[in-house]
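Everything below concerns the one structure shown next.
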Amino acid sequence: MAVINAKRKTGKISKYIYGQFAEHLGRCIYEGIYVEDDSIPNTNGMRNDVVAALRELEIPVLRWPGGCFADDYHWRDGIGDKDKRPYMVNTNWGGVVENNHFGTHEFFELCEQLSTEPYICGNVGSGTVQEMRDWIEYMTFDGDSPLANERRKNGREKPWKLKYFGVGNENWGCGGNMRPEYYSDLFRRYSVFIRNYGDEPIYKIAGGPNVDDTNWTEVLMKNIGGAMDALSLHNYSYEGDWNNKGDSVVFDKDGWYTNMASAMRMKRVIKAHRAVMDQYDPDNKIALIVDEWGNWYNVMPGTNPGFLYQQNTLRDAVSGMVILHIFHNNCERIHMANIAQMVNVLQSMVLTEGDKMVLTPTYYLFKMMKGHMDADRLDIDYDSKEYEVNGISVPKISMSASSKDDKITVSVCNTSVSEDEDIVLDIRDADITSASAQILTGEINAHNTFEAPDTIMPEELEVSVSNGKASFKLPAKSIAVITLS
Ligand code: AHR
């Protein structure tokens with residue numbers, strides 16, 4: 001039994017928690033989103049099938065161009081006549097040639113087609129302060145300046161709206177192998193030149209810690225707390241560990257449970273960084289932005305190891321919901337999160353092969369969760385059996401409730417592979433008379449392929465409502481979202 005107090009609103013679940021990330025990595029941008037081959041229907045290069053599918057998710061924000069790629073990216077190479085754009089080698093991801101045909105203008109075109117807000121990550125690792133300042137002026141200045149006029153010459157009269165800007169990526173690693181003291185000084189310097197040309201000030205996101213490196217957080221909070229709006233955090237989950245991440249499709253019930261435990265690590269990691277941030281910023285003015293998260297497995301056999309192409313199963317949807325609930329539970333501090341990555345890379349929403357596209361279980365998770373975006377988190381009280389895997393406690397049932405526009409959304413997942421659960425939602429202080437619900441379930445490794453694209457899809461779940469209570473059976477290994485009014 002779960003008790004939900006409809007009048008006890010305990011925070012706002014920012015819609016930006018449902019953000020996405022698209023890097024110049026493997027077949028994410030090229031092939032997956034952007035094509036130059038007109039045999040695949042597209043609008044200004046953006047695949048119509050992929051854009052139409054992603055629009056259904058109402059993606060609030062999209063991070064680009066990386067990732068590790070961001071600190072190797074020089075924006076000037078990606079503007080102007082495509083035939084004249086210089087080539088480069090994508091040294092981080094497979095050593096393939098990057099022709100820079102997808103650049104700043106193309107990114108904003110994609111954002112416009114998706115009706116999503118841009119989040120651009122700048123180059124600190126190998127770029128100059130001037131390069132970063134000029135990019136901002138090129139994109140956002142409405143007046144008469146050589147850079148703004150160059151943008152006009154390249155086909156864009158009005159400046160774009162840009163709020164979110166990252167000052168480097170993983171600067172402790174691929175973004176420059178820096179110590180936090182050194183990065184703090186660089187942040188101070190670079191951020192001065194991120195000028196506000198538009199109506200809204202640019203929201204500056206500092207390159208944050210790796211997983212549980214709280215020293216990085218401590219040094220940044222101490223040294224640049226007053227200059228940043230947010231600190232980013234990257235934390236991936238696996239089936240095994242970093243050295244052998246497990247297969248995305250071929251796994252047994254142990255592989256299922258170790259992945260659930262890995263997902264639960266997000267709770268511990270966020271708690272550790274929040275504790276440090278709370279000391280320096282008790283009023284939650286500086287946000288924690290988890291701008292890379294998701295399941296990272298071994299690449300699909302036979303694919304380029306640098307392309308990070310993996311399949312996506314029911315397991316990803318279930319552990320994904322566990323993590324989204326952790327974000328909801330920390331919504332005072334977590335303003336944004338960006339799952340890695342949107343297309344064909346890591347835990348993606350869609351997979352493509354030539355002109356074919358399939359929607360993944362994670363796509364359906366995000367589609368089902370839309371009711372929580374920008375909703376008020378509600379107080380929810382429930383008990384769940386817990387089991388221990390690798391010293392980590394994993395709840396059998398994970399739930400979250402929110403309200404918006406006179407509707408209550410409850411999401412719930414059952415992480416057990418064998419035990420169903422009878423759920424009763426006791427909604428206090430609301431007059432609930434009807435419910436609609438969707439469920440996603442199947443075999444533990446159920447997934448969609450180009451040959452069988454509809455193997456796993458949401459179905460209707462029967463929920464009975466009486467006397468302010470909603471009851472239903474939640475099968476083992478499933479996620480469900482219930483809308484009550
Ligand atoms: O998402 C893949 C990579 O993971 C990103 O480029 C990097 O930031 C992280 O290590």
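Both counts, for ligands and for their atoms, begin at 1 and track the order of listing. Keep in mind it's a predicted model, so treat the numbers as computed, not measured.
Taking the six-membered ring for Trp and thresholds of 30 and 60 degrees, W242 and Y238 have ring planes more than 60 degrees apart, a perpendicular arrangement. Ring-plane geometry between F102 and H24 is classed as perpendicular, the angle between the planes exceeding 60 degrees on a 0 to 90 degree scale with a lower cut at 30. Ring pair Y73/F69 is tilted by interplanar angle, where 30° to 60° counts as tilted.
Sorted by chain and number, the heavy-atom contacts of ligand 1 below 4.0 Å come from F21, E23, L25, G67, C68, W93, N169, E170, H234, Y236, E292, W296, Q341, L346.
A centroid separation of less than 6.0 Å is found between the aromatic rings of W160 and H105. Taking the six-membered ring for Trp and the full ring otherwise, Y16 and Y164 have centroids separated by under 6.0 Å.
Relative to the six-membered ring of F251, R315 meets both conditions, a distance below 6.0 Å and an angle of at most 45° to the axis.
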